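Notes follow once the structure below has been shown.
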There are 2 protein chains.
Amino acid sequence: MAKQSKPLIALRKEPVQARSQDTVDTILEASAQILQKEGEAALTTNRIAAHAGFSIGTLYQYFPNREAILSAMATREQAHILKKLEAVFATLDPTDPEPTVREAVAALLGAFRGRHGVRRAIILGVMRRMPDDPRASAGVAEPLLTALESRCAGHFVPLGEAGRFVLLRAIAGAVRAAAIERSPLLGKPAFEDALVRLVMGMLLGGR
Amino acid sequence: MAKQSKPLIALRKEPVQARSQDTVDTILEASAQILQKEGEAALTTNRIAAHAGFSIGTLYQYFPNREAILSAMATREQAHILKKLEAVFATLDPTDPEPTVREAVAALLGAFRGRHGVRRAIILGVMRRMPDDPRASAGVAEPLLTALESRCAGHFVPLGEAGRFVLLRAIAGAVRAAAIERSPLLGKPAFEDALVRLVMGMLLGGR
DNA sequence: CTCAATATCTGAGGATTGCTCGGCTTTCTC
DNA sequence: GAGAAAGCCGAGCAATCCTCAGATATTGAG
């Protein structure tokens, strides 16, 4: 009795066979295409399923709700960015950190080029999940910042918890705002310069 | 013929009689209460109308859609904050700007205390409108920043357009993130310190 | 005060959309 | 190749946004 009151929900998880992994990928790609070509309003679950070539029921086998689709797209994007940042920080020269900071900023901005329609929806999706999902916040990059601080000890005034929080969210806020507002600054070198100035100014203690 | 194809839309504007002004206020207050007590999911247009004691049709006389209600709440909040900031900047001492910056930060943070459930929804509503409504972005505070720069000429390295954009969105990003994530930092002095450090560091040129 | 013009309010219901569930098909395992 | 497990299907329910045709309230000129 009560055979599948749980399983039905739990089934909405990771696919196991290769076929279903493809299904999930197809659904996410279809979502991205709809977002890019027709905008957020057109991103209905039925439309996604149709565009992906699956039944609506299949979609809901993997995603518990519409929001989860955006969430999954965001998670992939975020992992991609984090990986690039980690690669950059691996080359850090503790004597002269500014080039690394600049490189990291450039990498971050690089990830925000193209597919503006998709990115906008992803950002808003991320923010909607923020209080619930700790991974949704800019805090994921905190280990990188901590590493930067400890390896460059002596060069900077320590940030403390609040300082790290503010710096990470400040960067995210500036970049996300540029993306959402579709600011032409996004592509310009002056924008990169300003972000570097923001980071270095904060690290140096505002004095 | 074609008597009211336009008027019907145009009617969704400002109320003229005192009675309808009250209606709009009541609707906004009801929305705030629902948000605070029952969360965003409960904020349906029919529920708002019922809670405000009006028919759903009345609500749609003034607000073209659900989104517009959040937008109106955001506009009021924003005007309130901007007014407070203007008052702070009126007392600026060009010789020693840091106290004014600190005061402005404190004022901004003060506006983010209490009614967390409401604020979260407002912030997300603002961001959703960002590309369309220029007033929705942090750019509304740009005149204040420009004034600060010109009155303190010589103390700071000029920011330029990109610098101003980044600084304003960075502050907004940090504060909004704290609010949305319900971070306990929001109330702590260390958070204020970190924001001041962010601003001063950026103004001083990151060098 | 009267009454017509104007402003405001009403609420049933059309159109859409998110999502469920019982059952069918494909793939895996032994 | 047979049974089990994984994957897929899609009609339709419930919830929601929003419209529209007309009722009610207010105003102000005469």
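Residue numbers begin at 1 in each chain, while the letters A, B, ... track the order of the sequences. Given the structure is predicted, the values throughout are model-derived calculations rather than measurements.
Listed by first then second residue, pairs satisfying salt bridge (charged side-chain N to carboxylate O under 4.0 Å, His left out) with a partner in residues 24-35 of chain B read B:Asp25-B:Arg76, B:Glu29-B:Arg115, not counting sequence neighbours.
Proximity of B:Glu181 to A:Phe165: side-chain heavy atoms (C-beta onward) are separated by under 4.5 Å at one or more points. Annotation: side chain of A:Tyr62 is in contact with side chain of A:Ser20 (closest heavy-atom distance under 4.5 Å).
Shown here are the side-chain contact (heavy atoms from CB on, under 4.5 Å) partners of B:Tyr60, two or more places apart in sequence or in another chain: B:Arg12, B:Thr45, B:Ile56. Legend: residues meeting side-chain contact (heavy atoms from CB on, under 4.5 Å) with A:Arg113, ordered by chain and number and at least two apart, are absent. Every residue two or more places apart in sequence or in another chain that forms a side-chain contact (heavy atoms from CB on, under 4.5 Å) with B:Arg119 is listed here: B:Glu77, B:Phe112, B:Ile123.
As rounded to whole Å, 11 Å separates atom P of C:dG18 from atom CG of A:Leu70. For the pair B:Phe54 CZ and C:dA7 C1', the interatomic distance rounds to 14 Å; values are reported in whole Å. Spacing between atom CD1 of A:Ile27 and atom C1' of C:dG18 amounts to 15 Å, rounded to whole angstrom units. As a whole-Å value, the separation of A:Asp22 CG from D:dA6 C1' is 15 Å. One can place CD1 of A:Ile56 at 13 Å from C1' of C:dC21, the figure rounded to the nearest angstrom. The distance from atom CD of A:Gln61 to atom P of C:dT20 is 11 Å, rounded to the nearest whole Å. For the pair B:Tyr62 OH and C:dA7 P, the interatomic distance rounds to 11 Å; values are reported in whole Å.
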Distances for protein N or O near nucleotides 24-30 of chain C N or O, under 3.5 Å:
none

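Under 4.0 Å is where a charged nitrogen must lie from a carboxylate oxygen, and between B:Glu40 and A:Arg128 no such pair does. Taking the charged nitrogens against the carboxylate oxygens, A:Arg129 and A:Glu67 have no contact shorter than 4.0 Å, which rules out a salt bridge.
B:Thr91 contributes no side-chain N or O that, together with a main-chain N or O of B:Ala87, makes up a donor-acceptor pair within less than 3.5 Å.
Against DNA chain D, the stretch residues 42-50 of chain A makes no heavy-atom approach under 4.0 Å.
Residue-to-nucleotide proximity on DNA chain C shows that, of B:Gln21 and B:Gly57, the 5′-proximal contact is made by B:Gln21. Toward the 5' end of DNA chain C, the nearer of the two residues B:Ser20 and A:Tyr60, judged by each one's closest nucleotide, is B:Ser20.
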